[in-house]
Each structure stands twice: as C-alpha cells, then as structure tokens.
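Here is the structure we will look at, set down as structure tokens.
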Amino acid sequence: MIGRLNHVAIAVPDLEAASRQYRDVLGAKVSAPQDEPDHGVTVVFVELPNSKIELLYPLGEGSPIAAFLERNPSGGMHHLCYEVDDILAARDRLKAEGARVLGDGEPKIGAHGKPVLFLHPKDFCGTLVELEQV
Ligand SMILES: CC[C@H](C(=O)O)C(=O)SCCNC(=O)CCNC(=O)[C@H](O)C(C)(C)COP(=O)(O)OP(=O)(O)OC[C@H]1O[C@@H](n2cnc3c(N)ncnc32)[C@H](O)[C@@H]1OP(=O)(O)O
Ligand SMILES: [Co+2]
C-alpha cells in the first residue's frame, strides 16, 4: 500500500532561521513560505534529490504545530508522509485494521494540491503518519 517517502516534516520555532540553515549552511534548495490556512501551517519545502523536507510553522488559531512546539520548544520531527495510489482505499483498509484516521476521515488537499490524510502517532510507533495520494 504505501509507496515512496514524499516528505519528512520538521516543526520549527523560527521559519526564517530554519530556512537559512537549510539554504546557507546545508546548501539546499529552499522554497518561499506558503500559507496553508486549512491546515494551520506556513510551510517551506526543502528539495532533496530523493525526497523533500517540509519545515512547518504555526499559522492562525489552534494550529497543531503550536501545540507541538509547546511540547518541543526547539522544534523537532513532526511527521512522515508516504505516497499512496488510492487514498480512500488506503483509508478504508487502515480503518478495517483498527488504525485511527485523524479528523473526520475525509481527505483534505495538502500543500502539493493532492488529497492527504493523517494517522494517529500512537498507532505507528509514536510517529505521526501522513498519506498523500499521488
Ligand atoms: C499543508 C499540509 C501539510 C502537507 O504535508 O500537505 C502538512 O503536513 S500539515 C501538518 C499539520 N497537520 C497535522 O498535524 C494534522 C494531524 N495532527 C493532529 O491531528 C494532531 O496534531 C495530533 C492528534 C497528532 C496531536 O494532537 P495534540 O497536539 O492535541 O496532542 P495530543 O495530546 O492529542 O497527543 C496525543 C499523543 O500523541 C503525541 N503526539 C502529538 N503530536 C505528535 C507528533 N507529531 N508525533 C508524535 N507524537 C505526537 C502526544 O505527545 C501525545 O502523546 P502522550 O504520550 O499521550 O503525551
Ligand atoms: Co506533511
């Protein structure tokens, strides 16, 4: 079911400083910030030859990233995103296996304009999992 690793997301307390680190210190290609109000985040993409890093900063009230940063003030790994061919089939299979699909279970459009879903971290080795249909 899961395919390629689409991205690894890192929650950051300072998006400009994190972007500079990746661009100037690590020499990576870093996108401009992109607001995603539906998800309560501002996101910057770091392009890698074989995947992407997603730098996440809270946007608006009730951002999941704000809650994460309260627990982890220096920031940290937030989630992994795997690609799937059919996100509804994946969702139904995961539910049948007893995994918790977060939110109302309906896919939302993510930062790449594709449908995404999230799975509870407690069901996947303490790691928040995102699925993106490609
Ligand atoms: C633009 C979209 C972009 C994209 O790629 O397209 C994105 O990726 S948007 C990313 C932001 N959106 C989300 O994260 C949506 C899914 N997240 C959630 O629904 C919540 O953040 C949730 C349920 C994962 C955590 O909710 P909350 O912060 O309120 O904490 P809880 O007390 O409910 O946590 C329960 C339990 O889980 C642990 N936890 C929380 N967040 C994470 C995490 N990122 N990774 C691992 N574990 C996490 C938390 O510590 C609690 O554990 P406990 O042992 O009970 O303390
Ligand atoms: Co993501």
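First listed ligand is number 1; within each ligand, the first listed atom is number 1.
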List, one per line, each side-chain donor-acceptor pair under 3.5 Å for residues 127-134, sequence neighbours excluded.
| unit_1 | atom_1 | unit_2 | atom_2 | d |
| --- | --- | --- | --- | --- |
| Thr127 | OG1 | Cys125 | O | 3.2 |
| Glu130 | OE1 | His7 | NE2 | 3.0 |
| Glu130 | OE1 | His79 | NE2 | 2.8 |
| Glu132 | OE1 | His112 | ND1 | 2.8 |
| Glu132 | OE2 | His112 | ND1 | 3.0 |
| Gln133 | OE1 | Ile87 | N | 2.7 |

* Look at atom NZ of Lys95 and say whether more than 12 heavy atoms of other residues, nucleotides or ligands are closer to it than 6.0 Å. => yes
* Can you tell if the side chain of Met1 reaches within under 4.5 Å of the side chain of Leu94, non-hydrogen atoms only? -> yes
Please produce the table of protein N or O atoms sitting under 3.5 Å from N or O atoms belonging to ligand 1, one pair a line, distance to 0.1 Å.
| unit_1 | atom_1 | unit_2 | atom_2 | d |
| --- | --- | --- | --- | --- |
| ligand 1 | 5 (O) | His7 | NE2 | 3.1 |
| ligand 1 | 5 (O) | Glu54 | OE1 | 3.2 |
| ligand 1 | 5 (O) | Glu54 | OE2 | 2.7 |
| ligand 1 | 5 (O) | Glu130 | OE1 | 3.0 |
| ligand 1 | 5 (O) | Glu130 | OE2 | 3.0 |
| ligand 1 | 6 (O) | Ala111 | N | 2.8 |
| ligand 1 | 6 (O) | Glu130 | OE2 | 3.4 |
| ligand 1 | 8 (O) | Glu54 | OE1 | 3.0 |
| ligand 1 | 8 (O) | His79 | NE2 | 2.9 |
| ligand 1 | 8 (O) | Glu130 | OE1 | 3.1 |
| ligand 1 | 28 (O) | Arg71 | NH2 | 3.2 |
| ligand 1 | 44 (N) | His78 | O | 2.9 |
| ligand 1 | 52 (O) | Lys122 | NZ | 3.3 |
| ligand 1 | 54 (O) | Lys122 | NZ | 2.8 |

* Leu119 vs Leu102 side-chain heavy atoms within contact, under 4.5 Å -> no
* To do: Could you check if a side-chain atom of Gln21 sits within less than 4.5 angstrom of a side-chain atom of Leu26, using non-hydrogen atoms only?
  => no
Determine all donor-acceptor pairs shorter than 3.5 Å in which one atom belongs to a side chain in residues 59-75; sequence neighbours excluded.
| unit_1 | atom_1 | unit_2 | atom_2 | d |
| --- | --- | --- | --- | --- |
| Ser63 | OG | Gly40 | O | 2.6 |
| Ser63 | OG | Ile65 | N | 3.0 |
| Asn72 | ND2 | Phe68 | O | 2.9 |

* **Tyr82 side, atom OH; Ile2 side, atom CD1 - distance, nearest 0.5 Å** => 5.0 Å
* To do: Just the protein N/O/S atoms under 2.8 Å from the Co ion (ligand 2), please, no waters.
  => His7 NE2, Glu54 OE1, His79 NE2, Glu130 OE1
* Looking at side-chain heavy atoms only, is the closest gap between Arg100 and Lys122 below 4.5 Å? -> yes
* Determine, stepwise, if the pair Leu55 / Val46 fulfils side-chain contact (heavy atoms from CB on, under 4.5 Å). => CA-CA 8 Å; Leu55 303 176; Val46 179; 4.1 Å; yes
